[in-house]
Amino acid sequence: MPELPEVEVIRRRLWEAVHGRTVVETKLVRLSGRVSIGTLHGVRIESVDRRGKFLLVGLSDRRSLLIHLGMTGDLYVVNDWQQAPRTTRAGFRLDDGRWLVFNDPRALGKLELVSLAEAAKKVQRLGVEPLSAEFTPELLASLARGRRQPVKPFLMDQRWVAGLGNIYAAEALFEAGIHPGHPVGSLSRARLARLHRSIVQVLERAIESMWNAAQDQQASWIEHTPVASVYRRAGQPCLRCGRPIQRMRQAGRSTYYCPGCQR
DNA sequence: ATGCGCGCCTGTCGGC
DNA sequence: TGCCGACAGGCGCGCA
């Protein structure tokens with residue numbers, strides 16, 4: 001499920017729901033190497049941060065829960081354990097009786113308990129935060145320089161820019177009018193500047209739209225993912241020019257684009 | 001060094 | 001109804 005916007009909305013919801021609470025019980029289910037935590041007991045949750053697609057839950061014992069949601073992970077609070085879905089992999093009972101639940105049907109997510117220093121080290125390998133002031137057109141251009149790699153897999157590589165996945169990489173490229181197969185190093189400065197702006201806009205719009213949906217208690221916010229312009233729209237008309245959206249394979253992933261609007 | 005293909009997992013959906 | 005393949009919002013590894 002989650003790329004940067006989804007992870008950011010999960011982070012905000014989590015912060016509201018769990019900050020200052022103490023974990024009083026840990027339950028691990030469907031164990032695998034991807035979940036490596038001992039038991040958490042008597043520690044207070046002091047922060048919930050995001051770096052790229054990682055969540056870092058800061059604890060009062062100077063440790064951190066480092067979470068990556070993989071393809072299908074989700075993290076939220078339920079009132080009692082009975083409400084946790086059967087694909088739940090871990091649960092943390094809070095001092096108010098509710099449960100913080102890590103649900104992950106495909107089990108590609110990761111959950112580890114590490115020292116603050118180790119957590120910091122692990123996220124250090126990530127590239128720039130696209131919604132930070134550090135992310136500028138100039139920085140994007142310097143990262144792209146000299147690379148022959150197609151722009152879409154470049155955008156999905158977390159070492160350069162952290163947080164874009166298959167959906168938002170495709171959406172940003174559509175927004176910028178750039179063909180996903182274009183070698184990133186030979187895009188002009190002007191086109192990279194436009195791509196930079198598109199990345200920021202696409203991510204900000206997605207966060208805003210999902211965050212608004214999340215405020216409505218009646219709505220299942222995850223279903224309010226902003227309508228995609230190209231993602232999973234193969235064969236349907238382009239919203240801008242009407243030509244059918246194409247699907248192609250790149251580095252093993254589906255890429256959607258408009259052959260009319262993206263060059 | 002760089003870029004691609006595959007394996008890891010389970011769920012869903014459409015076609016036969 | 002049941003089976004089968006394709007596909008799915010990610011990452012890390014090994015190989016050319």
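Each chain gets a letter, A, B and so on, in the order its sequence line appears, and its residues count up from 1.
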Checklist entry - Is there a donor-acceptor contact under 3.5 Å from the side chain of His196(A) to the main chain of Leu192(A)? => result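 Checked: no pair found.
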
Checklist entry - Can you pull the side chain to side chain donor-acceptor pair (under 3.5 Å) pairs that have at least one residue in residues 48-60 of chain A, sequence neighbours excluded? => result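 Passing the test, one end in residues 48-60 of chain A: Glu8(A)-Arg50(A), Arg50(A)-Glu129(A), Arg51(A)-Glu129(A).
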
It should be established whether [X] places a side-chain nitrogen or oxygen under 4.0 Å from OP1 or OP2 of nucleotide [N].
X	N	value
Ser254(A)	dA8(C)	yes
Arg125(A)	dC11(C)	no
Lys53(A)	dC11(C)	yes
Tyr256(A)	dA8(C)	yes
His68(A)	dC11(C)	yes

Checklist outcome for this item: Given protein heavy atoms under 4.0 Å, the one-letter contact record of nucleotides 2-8 of chain B, with B base, S sugar-phosphate only and - none, is simply SSSS--B

Next on the checklist: Quick check with a 6.0 Å cut-off and a 45 degree axis cone: is Arg21(A) positioned over the face of Phe92(A)'s six-membered ring?
Outcome noted: no

Scan the side chains in residues 38-45 of chain A for donor-acceptor partners under 3.5 Å anywhere in the protein, sequence neighbours excluded, and list what turns up.
{"residue": "His41(A)", "atom": "NE2", "partner": "Val24(A)", "partner atom": "O", "Å": "3.2"}
{"residue": "Arg44(A)", "atom": "NH2", "partner": "Glu46(A)", "partner atom": "OE2", "Å": "2.5"}

Item to check | Cluster companions of Leu239(A) among Ile, Leu, Val, Met, Phe, Trp, Tyr (side-chain spacing under 4.5 Å) | outcome: none

Checklist entry - Hey, what else clusters with Val123(A) if you join Ile, Leu, Val, Met, Phe, Trp, Tyr whenever side-chain heavy atoms sit under 4.5 Å? => result Phe54(A), Leu56(A), Leu66(A), Val114(A), Leu126(A)

Next on the checklist: Measuring from the side chain of Arg247(A) (C-beta onward, heavy atoms only), which nucleotide among dA8(C), dG11(B), dC7(C) has the closest atom?
Outcome noted: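 So the side chain of Arg247(A) is nearest to dC7(C).
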
Item to check | Shortest side-chain distance from Gln158(A), nucleotide among dC7(C), dC11(C), dG11(B) | outcome: dC11(C)

If I take atom [atom1] in residue [X] and atom [atom2] in nucleotide [N], what distance separates them, rounded to the nearest angstrom?
X	N	atom1	atom2	result
Leu55(A)	dC11(C)	CG	P	13 Å
Asp104(A)	dT10(B)	CG	P	10 Å
Ile10(A)	dG10(C)	CD1	C1'	14 Å
Asn103(A)	dT10(B)	CG	C1'	12 Å
Met156(A)	dG12(C)	CE	P	13 Å
Asp157(A)	dG12(C)	CG	P	10 Å

Once side-chain hydrogen bond (donor to acceptor under 3.5 Å, both in side chains) is applied, do any residues pair with [X], and if so which ones, sequence neighbours excluded?
X	result
Arg147(A)	none
Asn212(A)	none
Arg63(A)	Asp61(A)
Glu208(A)	none

Item to check | Salt-bridge present (Asp80(A), Arg98(A); N to O < 4.0 Å) | outcome: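 Arg98(A) and Asp80(A): not salt-bridged.
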
Checklist entry - Got a sec? Which of residues 172-188 of chain A come in under 4.0 Å of DNA chain C, heavy atoms? => result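 Listed by number, there are none.
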
Checklist entry - Taking the P atom of each, how far is dC6(B) from dA6(C), in whole Å? => result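 The same atom, P, in both gives a distance of 13 Å.
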
Item to check | Paired and unpaired positions of DNA chain B as dot-bracket, Watson-Crick or G-U wobble under 3.5 Å, | denoting a partner strand | outcome: .|||||||.|||||||

Regarding [X], tell me which of base, sugar-phosphate or nothing describes its non-hydrogen contacts under 4.0 Å with the strands shown.
X	result
Arg253(A)	base
Arg89(A)	nothing
Thr72(A)	nothing

Checklist entry - Only one of Asp74(A), Asn103(A), Asp104(A) forms a side chain to side chain donor-acceptor pair (under 3.5 Å) with Thr87(A), so which one is it? => result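 That would be Asn103(A); it is the only one of Asp74(A), Asn103(A), Asp104(A) passing the side chain to side chain donor-acceptor pair (under 3.5 Å) with Thr87(A).
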
Give the table of side-chain donor-acceptor pairs shorter than 3.5 Å for residues 149-157 of chain A, with sequence neighbours excluded, one pair per line with atom names and distance.
{"residue": "Lys152(A)", "atom": "NZ", "partner": "Asn166(A)", "partner atom": "OD1", "Å": "2.3"}
{"residue": "Lys152(A)", "atom": "NZ", "partner": "Ser254(A)", "partner atom": "O", "Å": "3.4"}
{"residue": "Lys152(A)", "atom": "NZ", "partner": "Thr255(A)", "partner atom": "OG1", "Å": "2.9"}
{"residue": "Asp157(A)", "atom": "OD1", "partner": "Arg159(A)", "partner atom": "N", "Å": "3.0"}
{"residue": "Asp157(A)", "atom": "OD1", "partner": "Arg159(A)", "partner atom": "NE", "Å": "3.2"}
{"residue": "Asp157(A)", "atom": "OD2", "partner": "Arg159(A)", "partner atom": "NE", "Å": "3.4"}
{"residue": "Asp157(A)", "atom": "OD2", "partner": "Arg159(A)", "partner atom": "NH2", "Å": "2.8"}

Next on the checklist: Heavy-atom nearest nucleotide on DNA chain C for Lys110(A) versus Arg249(A): which residue maps closer to 5'?
Outcome noted: Arg249(A)

